[in-house]
Amino acid sequence: MADFSNMIEGYRRFRQTGWTQQRARWDELSEGQSPRVMIIACSDSRVDPAQIFDTNPGEIFVVRNVAALVPPFETTPGHHGVSAALEFAVQVLQVSEIIVMGHGKCGGCKAALSHDLKDAEPGEGGFIHSWIELLDPARDTVIARYGDDRSRDVERAMEQESVKVSLANLRTFPCVRSKERKGELKLIGAFFAISDGQLHVMDEQSGIFTPA
C-alpha cells in the first residue's frame with residue numbers, strides 16, 4: 001500500500017507524463033474550471049470517481065464524504081460543507097448534471113443499518129453516527145422489507161436506498177428544484193459494485209438500479 005514517499009514518486013511520474021502530455025489542458029485549467037457534472041461519492045478509498053469514469057482533469061466536480069450523503073436544505077447555524085459545495089456547483093459552475101454514487105461494501109451504510117455506533121462518544125464513532133443518522137429513512141425502508149436479515153443482499157439494498165435519500169435531500173434545495181423544473185439540471189442515482197467493477201444506474205420512475 002502507498003505511503004507518502006510512494007505518492008511523491010507517483011507525483012514525479014505525473015509531472016513527466018500526465019502534466020507534460022496535457023500541458024495545453026493544464027494551461028487552460030489554470031484560468032478556471034467549467035465542469036458540466038458534479039459527483040457526490042463516498043470517501044471510501046476504493047471508489048474514486050475520476051478513475052471509475054476515466055475522466056480528464058477539470059471534467060468533474062467531486063464531493064466525497066462518508067456514505068455519499070447530501071443533508072437536507074437547512075439554514076441553522078453550523079458548518080455546511082456539502083451544502084456550500086452544492087451551492088457552488090449549481091449556482092457558480094452551473095453544472096447540468098448531479099450524480100449521487102453509492103457503492104458496495106459501504107461501511108457508513110452498514111453502520112447506519114446496524115446502529116452499532118449509536119451510543120459512541122464523539123471521536124470514538126459518535127461523529128460518524130451523527131452523520132449517518134441522515135440514513136434513518138433508508139434504514140426504516142430496508143428493515144420494513146427485510147426485518148432482522150443482515151445478509152449481503154440486505155446491505156446492498158441499504159446502499160442503494162441511501163442514494164435515494166441523498167437524491168430526495170438534493171431536491172429540498174430551492175436552487176436544485178428550480179433548475180430541475182426548468183430542465184437545466186438533471187439528477188442521477190448510481191451505484192458502483194466493487195466486487196465486479198460494475199456501475200449501476202437508477203431508473204428515476206421505478207427506483208431500480210440496472211447495469212450501465
Do any N or O atoms from the side chain of T172 and from the backbone of A168 form a donor-acceptor pair under 3.5 angstrom?
-> no
Looking only at heavy atoms, which two atoms of P49 and M101 are closest? And how far apart?
-> CG-CE, 4.2 Å
Answer yes or no: is there a donor N or O on one side and an acceptor on the other, between the side chain of S166 and the main chain of A68, under 3.5 Å?
-> yes
Heavy-atom check, side chain of T210 versus side chain of V201, under 4.5 Å = no
Under 6.0 Å from the CZ atom of F14, do we count more than 12 heavy atoms belonging to anything else shown?
-> yes
Between N6 and D3, is there a donor-acceptor pair closer than 3.5 Å when you use the side chain of the first and the backbone of the second?
-> yes
Flag the pair P71 / W131 as yes when at least one side-chain heavy-atom distance between them is below 4.5 Å, and no otherwise.
-> yes
Ion pair E28/R25, N-O distance below 4.0 Å | yes
Once you round to the nearest 0.5 Å, how far does CD of Q16 lie from CZ of R13?
-> 9.0 Å
More than 12 heavy atoms of other residues, nucleotides or ligands under 6.0 Å from CZ of F127: is that the case?
-> no
Output for pair (F53 CZ, F192 CZ), nearest 0.5 Å, gives 9.0 Å
So which heavy atom on D149 is nearest to which on V154, and how close?
-> O-CG1, 3.4 Å
Can you measure from CD (E74) to NE2 (H80) and round to the nearest 0.5 angstrom?
-> 5.5 Å
Point-to-point distance, once rounded to the nearest 0.5 Å, from SG of C106 to NE2 of H103 = 4.0 Å
If you group Ile, Leu, Val, Met, Phe, Trp and Tyr by side-chain heavy-atom gaps below 4.5 Å, do V163 and V176 land in one group?
-> yes
To the nearest 0.5 Å, how far apart are CG in L134 and OG in S162?
-> 11.0 Å
Donor-acceptor contacts under 3.5 Å from residues 89-100 side chains, at least two apart:
unit_1: S96; atom_1: OG; unit_2: R36; atom_2: O; d: 3.4

CE (M158) and CD (Q160) are apart, to the nearest 0.5 Å, by 12.0 Å
Is the count of non-hydrogen atoms from other residues, nucleotides or ligands lying under 6.0 Å from E87 atom CD greater than 12?
-> no
Is it possible for you to say whether L113 and I128 belong to one hydrophobic cluster, with membership spreading through side-chain heavy-atom contacts below 4.5 Å?
-> yes
For the student: nearest non-hydrogen atoms of R156 and A193, plus distance = NH2-CB, 3.4 Å
List the atom of L117, the atom of A111, and the distance in Å for their closest heavy-atom pair.
-> CD1-CB, 4.3 Å
Test side-chain contact (heavy atoms from CB on, under 4.5 Å) on M38 and L86 and set out the steps.
-> CA-CA 8 Å; M38 177 184 192; L86 174 64; 4.0 Å; yes
Could you walk me through whether D203 and S206 pass the side chain to side chain donor-acceptor pair (under 3.5 Å) test, one step at a time?
-> CA-CA 6 Å; D203 178 79; S206 68; 3.0 Å; yes
Donor-acceptor contact below 3.5 Å, side chain S114 vs main chain K110 = yes
Side chains of I143 and Y146: does their closest heavy-atom pair fall under 4.5 Å?
-> no
Do the non-hydrogen side-chain atoms of W26 and Q21 ever get within less than 4.5 Å of each other?
-> no
From CA spacing to verdict: side-chain contact (heavy atoms from CB on, under 4.5 Å), F4, E9 | CA-CA 9 Å; F4 187 61; E9 290 303 312; over 6 Å; no
Distance under 6.0 Å and angle within 45° of ring axis: R15 vs W19 = yes
Cluster question for you: counting only ILVMFWY and a side-chain heavy-atom cut-off of under 4.5 Å, with indirect links fine, are L199 and L187 together?
-> no
Decide yes or no for N169 and F73: does some side-chain heavy atom of the first lie under 4.5 Å from some side-chain heavy atom of the second?
-> no
Kindly say whether N56 contributes a backbone atom to a donor-acceptor pair with the side chain of E59 at under 3.5 angstrom?
-> yes
Least distance between heavy atoms, E161 atom then R145 atom = OE2-NH2, 3.4 Å
Are F191 and V70 in one and the same hydrophobic cluster, where Ile, Leu, Val, Met, Phe, Trp and Tyr link if side-chain heavy atoms are under 4.5 Å apart?
-> yes
Close side-chain approach of F61 to Q33, heavy-atom, < 4.5 Å = yes
K118 side chain to H129 main-chain N or O, any donor-acceptor pair under 3.5 Å?
-> no
Any side-chain heavy-atom pair of V66 and I132 under 4.5 Å = yes
Which pair of heavy atoms, one from C109 and one from L135, lies closest together, and at what distance?
-> SG-CD1, 4.1 Å
Applying salt bridge (charged side-chain N to carboxylate O under 4.0 Å, His left out), run through R139 and E133 and close with a yes or a no.
-> CA-CA 9 Å; R139 181 178 189 270; E133 278 186 314; over 6 Å; no
Less than 4.0 Å between a side-chain N and a carboxylate O, is that true for R171 and E180?
-> yes
Please examine the side chains of D136 and H115, heavy atoms only from C-beta on, and report whether any two atoms are closer than 4.5 Å.
-> yes
Flag yes if L167 and I188 sit in one hydrophobic cluster, no otherwise; membership is Ile, Leu, Val, Met, Phe, Trp, Tyr, and two members link when side-chain heavy atoms are under 4.5 Å apart.
-> no
